2 protein chains.
Amino acid sequence: MSRSRPTIHDVAREARASIATVSRALNGGVVSAAALARIETAVARLGYRRNDVARGLVTGRSGLVGVVVPDLMGPLYAQMARGIEDVLDERGMHAMLVTDHLEPAAERRAIELLRGRQVDGLVLIGSRLPADALRAAVAGTPVAHVQRDGPDDGDPQVRLDDAAGVRAAVRHLLDAGHRRIGHIAGTRRDGLERRDAYLAAMAEAGLEPGPVEAGEFTEEGGEAAAERLLGQRDVTAVFCASDRMAVGLLHAARRRGLAVPDDVSVVGFDDLTWARYLHPPLTTVRQPGRDMGRAAARLVLESPFDAAVPILRVAPTLVVRGSSGPPSDPHVTGPAARAGAPSRR
Amino acid sequence: MSRSRPTIHDVAREARASIATVSRALNGGVVSAAALARIETAVARLGYRRNDVARGLVTGRSGLVGVVVPDLMGPLYAQMARGIEDVLDERGMHAMLVTDHLEPAAERRAIELLRGRQVDGLVLIGSRLPADALRAAVAGTPVAHVQRDGPDDGDPQVRLDDAAGVRAAVRHLLDAGHRRIGHIAGTRRDGLERRDAYLAAMAEAGLEPGPVEAGEFTEEGGEAAAERLLGQRDVTAVFCASDRMAVGLLHAARRRGLAVPDDVSVVGFDDLTWARYLHPPLTTVRQPGRDMGRAAARLVLESPFDAAVPILRVAPTLVVRGSSGPPSDPHVTGPAARAGAPSRR
DNA sequence: CGCATCGATGGAAACGTTTACAGTCTGTGT
DNA sequence: ACACAGACTGTAAACGTTTCCATCGATGCG
């Protein structure tokens, strides 16, 4: 009984109709009520299901949008993927996810794979491909980028308004009374943009920038940078380019016996799902991944219509939680004052 | 210049060969060196790329394994997906990910979609579909389950050895000297299995089970259950059915002014990526998601060969971190109480 | 010298659809 | 009674591959 899947021919025979009529019935063409009824029962009896591969071959479309994502384990990427699915769903389309693992070669392969599958569009998240390599790889397929990690060219793109987020974070610390604010910077494109925005925000407030330390976009990177940073005098607050780095900072602070936020305020960036469960809960800049994914999906599906919106900035929001507060005592604070006073156990 | 993609015919014309020869050259069949060279240059000149849709139509295979995953934002699911990709990669295949969002209807649709795409196999993660609905949906396609959330039937399946993990966790607390150990239980299938394993482990140690509270598999669920549990007398340790619930517990403990692990020890389950960054770092049972994904992928690809391994249990490992320690209260853990403790070090 | 063998090639038939086109009815206005 | 519209329906040609089969020289062997 494990016969191979029934085809449209089987349905046609069963329903005494031609395959053309069956096809029309299935796709909402003009068919007589009688034929439609026969076909429907035949479909049900046989358990027929359309073969989308064959269909794609003749129509030239697949109903698929290819998504290449750096890493599925990043909660932010997962949110973006979800956003893409949202808008694809309502159009009866689907996403096909492929991961490059931050390797440009894998990214190129992923694009090839997807195009071989006739995807109707491509959403590239955090793409590192140089403009020419990219153009060659995607050829005719419509493309939209999210938070592209490479130089811009004419392709439509959605990108966080990093500067606005950083400004909000720095303002928040300034408003709380901090004057000497350090920064832990990332090394990728958005890391650099955030660092520049930080410098600009400090300058705007008429303040000298605090110490800046760069590191990998990871907990370890953040911790290492924090070690260097917390050695400096007078720093009462630190703004991190990512939440992951912020947890590294939290650890380093704890090791040095610094209380957060009393001795040092911490602000992160991204608002990863678990940021609120840290101790203390992390004040951070929320990156609306799902919205960004939605926007990108719309962009890629509608790019032919208005070709004049190459870059779309979405606004982040500051989420104030427990890791930031007013400086306790500006002139006494600092590692020197409390050195060697770890209070735990 | 935006001509449509070159086909194998174009290559054949350009290389003065028949399409059959080109196809053979591309797929490693027998071709003369001269022809091969001509074809290769033609491919390069034209930028030809095989159309996998057409290919799939004739071969009946797609090189794709469909993966239906409850939710991309769960780090554990992402790890499993990664594991699947690992083994697919080394076979030149790819994963096609689709999410049901814990809705059985969406799960069924996802399976239909995937089968319409002619996937060569299906990996279902946390499937909730009843056996008959499932059987109807997958028809002839090979299937493997991961941590199926429904009754078993004959389908190959990989599943965590929940009982072993729970036993390790409970033993760990017992060895530390705890006697009154509470449990926060989950409601899904694995939650129930873990609860039963907890009860068994307590019985095995000759102890009465501590209070058990069930809740949703979320931070809020854990927090609510913890509120009920921490009111009880004498509880010096709590074992949670998941890390997410454990952070809820941590919060509830903090609110009540209970120190962890001094007043109450906490052990989680899963070892989600951020468990080590909590404060204190969470002692937990690590679920090797990536390995489970790998195992499932192998299972689905090789199921015809040995049909006799329907259920494969993978072993979790206990990761001891800062959230668990000996009970502080001296008179509860006197020598008498310790007498029955199986101490293995 | 004839015959089987072999390596390389091309022709053509699939694979399961959609869709342009050409029919076949039935009813209607003249 | 006739043409003609209109509503349905069927035939057949695509879509871009793989693969079976036949063909064709050339080579080796008896």
Side-chain angles (χ1 to χ4, degrees), chain A residues 3-40 42-43 46-64 92 112-113 115-120 139-140, chain B residues 3-40 42-43 46-64 92 112-113 115-120 139-140:
Chain A
R3 285 199 19 260
S4 66
R5 278 177 73 172
T7 75
I8 200 174
H9 287 95
D10 301 323
V11 177
R13 184 162 5 90
E14 179 89 10
R16 296 182 175 192
S18 71
I19 59 170
T21 305
V22 174
S23 177
R24 275 186 293 257
L26 262 27
N27 296 314
V30 284
V31 198
S32 68
L36 184 61
R38 289 202 316 275
I39 290 171
E40 277 173 348
V43 164
L46 265 41
Y48 169 77
R49 172 86 177 88
R50 175 177 73 203
N51 181 331
D52 287 316
V53 173
R55 170 181 233 232
L57 182 58
V58 30
T59 60
R61 314 177 32 82
S62 63
L64 253 32
E112 295 241 309
L113 165 74
R115 292 195 59 232
R117 245 76 206 198
Q118 291 192 160
V119 294
D120 301 336
Chain B
R3 284 197 21 260
S4 66
R5 278 177 72 171
T7 76
I8 201 173
H9 286 95
D10 301 323
V11 177
R13 185 163 2 92
E14 179 88 9
R16 304 187 166 193
S18 70
I19 59 169
T21 305
V22 175
S23 177
R24 274 187 295 256
L26 262 28
N27 296 316
V30 284
V31 198
S32 69
L36 184 60
R38 290 203 314 276
I39 291 171
E40 277 173 349
V43 164
L46 266 41
Y48 169 77
R49 172 86 177 88
R50 176 178 70 203
N51 181 330
D52 287 316
V53 173
R55 170 182 233 231
L57 181 57
V58 32
T59 61
R61 315 178 31 83
S62 63
L64 255 31
E112 295 241 309
L113 165 75
R115 292 196 59 234
R117 244 76 204 199
Q118 293 193 161
V119 293
D120 300 336

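So that the names make sense, note that chain A is the first sequence line, chain B the second, and so on, each numbered from 1. Keep in mind that this is a model prediction, so the values were computed, not measured. What you see below is based on every heavy atom in this structure, not just the backbone, and it leaves out hydrogens, waters and symmetry mates.
- When rounded to the nearest whole Å, the span between CZ of B:Arg16 and P of C:dT9 equals 15 Å.
- Put simply, the side chain of B:Tyr48 does not reach to within 4.5 Å of the side chain of B:Val22, judged on heavy atoms.
- Of the side-chain N and O atoms in B:Ser18, one or more sit less than 4.0 angstrom from OP1 or OP2 of C:dG10.
- Within the nucleic acid shown, B:Thr59 comes within 4.0 Å of sugar-phosphate atoms alone, with no base atom in reach, counting heavy atoms only.
- Each of B:Ala54 and B:Ile19 has a nearest nucleotide on DNA chain C; the 5'-most of these lies closest to B:Ile19.
- The distance from atom CD1 of A:Ile8 to atom C1' of C:dT17 is 6 Å, rounded to the nearest whole Å.
- Looking only at distances, a side-chain donor or acceptor of B:Gln118 sits under 3.5 Å from a matching main-chain atom of B:Gly56.
- Remark: side-chain polar atoms of A:Arg5 are paired, donor with acceptor, to backbone N or O of B:Arg115 under 3.5 angstrom.
- Side-chain atoms of B:Glu14 and B:Leu46, non-hydrogen and from C-beta on, do get closer than 4.5 Å to each other.
- Within the 4.0 angstrom heavy-atom criterion, base atoms lie near A:Ser23.
- The phosphate of C:dT18 has OP1 or OP2 within less than 4.0 Å of a side-chain N or O from A:Asn27.
- Between the base of C:dG16 and the side chain of A:Arg5 there is no donor-acceptor pair shorter than 3.5 Å.
- Atom pair B:Arg38:CZ and C:dA8:P shows a separation of 13 Å (rounding to whole Å applied).
- Contact annotation: the side chain of A:Asn27 approaches that of A:Arg55 to within less than 4.5 Å [non-hydrogen atoms, C-beta and beyond].
- Taking atom CZ of residue A:Arg61 and atom P of nucleotide C:dT18, one finds them 14 Å apart after rounding to whole Å.
- Taking atom CZ of residue A:Arg24 and atom P of nucleotide D:dA7, one finds them 14 Å apart after rounding to whole Å.
- Straight-line distance from the CZ atom of A:Arg117 to the P atom of D:dG16: 17 Å, rounded to whole Å.
- Residue B:Ser32 is the one, among B:Ser32 and B:Leu57, whose nearest nucleotide of DNA chain C lies closer to the 5' end (criterion: closest heavy atom).
- For the pair A:His9 NE2 and C:dT17 P, the interatomic distance rounds to 8 Å; values are reported in whole Å.
- Distances shorter than 4.0 Å separate none of the side-chain N or O atoms of B:Arg55 from OP1 or OP2 on D:dG16.
- In this structure, B:Val53 reaches neither bases nor backbone, as no heavy-atom distance under 4.0 Å exists between it and the strands shown.
- Within the structure, a side-chain polar atom (N or O) of B:Thr21 is placed less than 4.0 Å from OP1 or OP2 of C:dG10.
- Atoms CG (B:Asn51) and P (D:dC15) sit 12 Å apart, rounded to a whole Å.
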